[in-house]
Amino acid sequence: MNHPLPPDELRALQAQAPAAPHCACSVGACAGWRSLPPERWPAARMQAVGTLRDADVYEPSFEELHPQGTRYESADAPVAPHFYPYNRCTLFRCADCQRLLLRYTEAGGYYVDERVRELAPGLPVLGDQPA
């Protein structure tokens with residue numbers, strides 16, 4: 001997982017994902033970014049597919065991309081691999097339902113928070129790079 005998954009490869013994986021997965025895993029619904037404590041992450045069911053993080057970039061940008069006026073927590077916010085928080089994500093597939101999940105660690109001064117979002121079919125995946 002040294003090289004980040006390019007947007008076209010993300011779109012191809014997304015197109016193969018089930019349209020309406022029903023999974024009994026502890027992740028639950030996550031159309032927009034949500035906190036998920038490590039004890040609720042079903043590690044035994046999750047298979048790492050690849051990373052969106054560029055190993056050559058020591059500190060990825062915190063710049064977000066929302067061309068349609070969405071926000072970080074919006075369920076319809078596009079996936080922008082070169083922008084925060086996607087530029088810090090690993091892509092996982094649930095072995096049971098085949099759902100694709102993006103996951104990253106939000107780290108502040110006094111906390112660490114694991115966040116997860118489904119890479120749902122039809123969700124826009126942008127290829128724009130920061131200027």
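Numbering of residues begins at 1 and proceeds along the displayed sequence.
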| Does a side-chain heavy-atom distance below 4.5 Å link Arg103 with Glu114? | yes
| query | Yes or no on side chain to side chain contact (heavy atoms under 4.5 Å, CB included) for Asp8 and Val125, after CA distance, side-chain angles and deciding distance? | reply | CA-CA 8 Å; Asp8 58 335; Val125 176; over 6 Å; no
| field | Contact summary for Cys30 and Arg34, nearest pair of heavy atoms | value | CB-CD, 3.5 Å
| query | Are any side-chain N or O atoms of Ser74 and backbone N or O atoms of Asp76, one a donor and one an acceptor, separated by less than 3.5 Å? | reply | no
| task | Ignoring hydrogens and angles, tell me if any N or O in the side chain of Arg40 forms a donor-acceptor pair with the backbone of Ser26 under 3.5 Å. | result | yes
| said: Run Trp41 and Met46 through side chain to side chain contact (heavy atoms under 4.5 Å, CB included) and show every step you take. | reply: CA-CA 8 Å; Trp41 179 251; Met46 296 298 165; 3.4 Å; yes
| message | Whether the Ser35 and Asp113 side chains hold a donor-acceptor pair (N or O, under 3.5 Å, no angle test) is what I'd like checked. | response | yes
| request: Using the six-membered ring wherever Trp is involved, compare the ring planes of Trp33 and Tyr104 and label them parallel, tilted or perpendicular (cut-offs 30° and 60°). | output: perpendicular
| Test item: Asn87 and Leu52 side chains (from C-beta on) under 4.5 Å apart, heavy atoms | no
| query | Which value, rounded to the nearest 0.5 Å, describes the distance between Leu13 atom CG and Leu91 atom CG? | reply | 6.5 Å
| said: Has Gln14 got a side-chain atom pairing as donor or acceptor with Leu119's backbone, closer than 3.5 angstrom? | reply: no
| said: To check you understand the geometry: which heavy-atom pair defines the closest contact between Arg11 and Leu126, and what is its length? | reply: NH2-C, 3.9 Å
| Under 3.5 Å: donor-acceptor pair, side chain of Thr51, backbone of Cys89 | yes
| said: Measuring from atom CG of Leu100 to atom CD of Glu118, what distance do you get when rounded to the nearest 0.5 angstrom? | reply: 8.0 Å
| field | Check against side chain to side chain contact (heavy atoms under 4.5 Å, CB included), Arg88 and Glu59 | value | CA-CA 9 Å; Arg88 298 166 183 266; Glu59 184 63 39; 3.0 Å; yes
| said: side chain to side chain contact (heavy atoms under 4.5 Å, CB included), that's the test. Do Tyr111 and Glu106 meet it? Break it down for me. | reply: CA-CA 8 Å; Tyr111 69 93; Glu106 178 76 34; 3.9 Å; yes
| field | Ring-face cation contact, Tyr72 with Arg117, 6.0 Å cut, 45° max | value | no
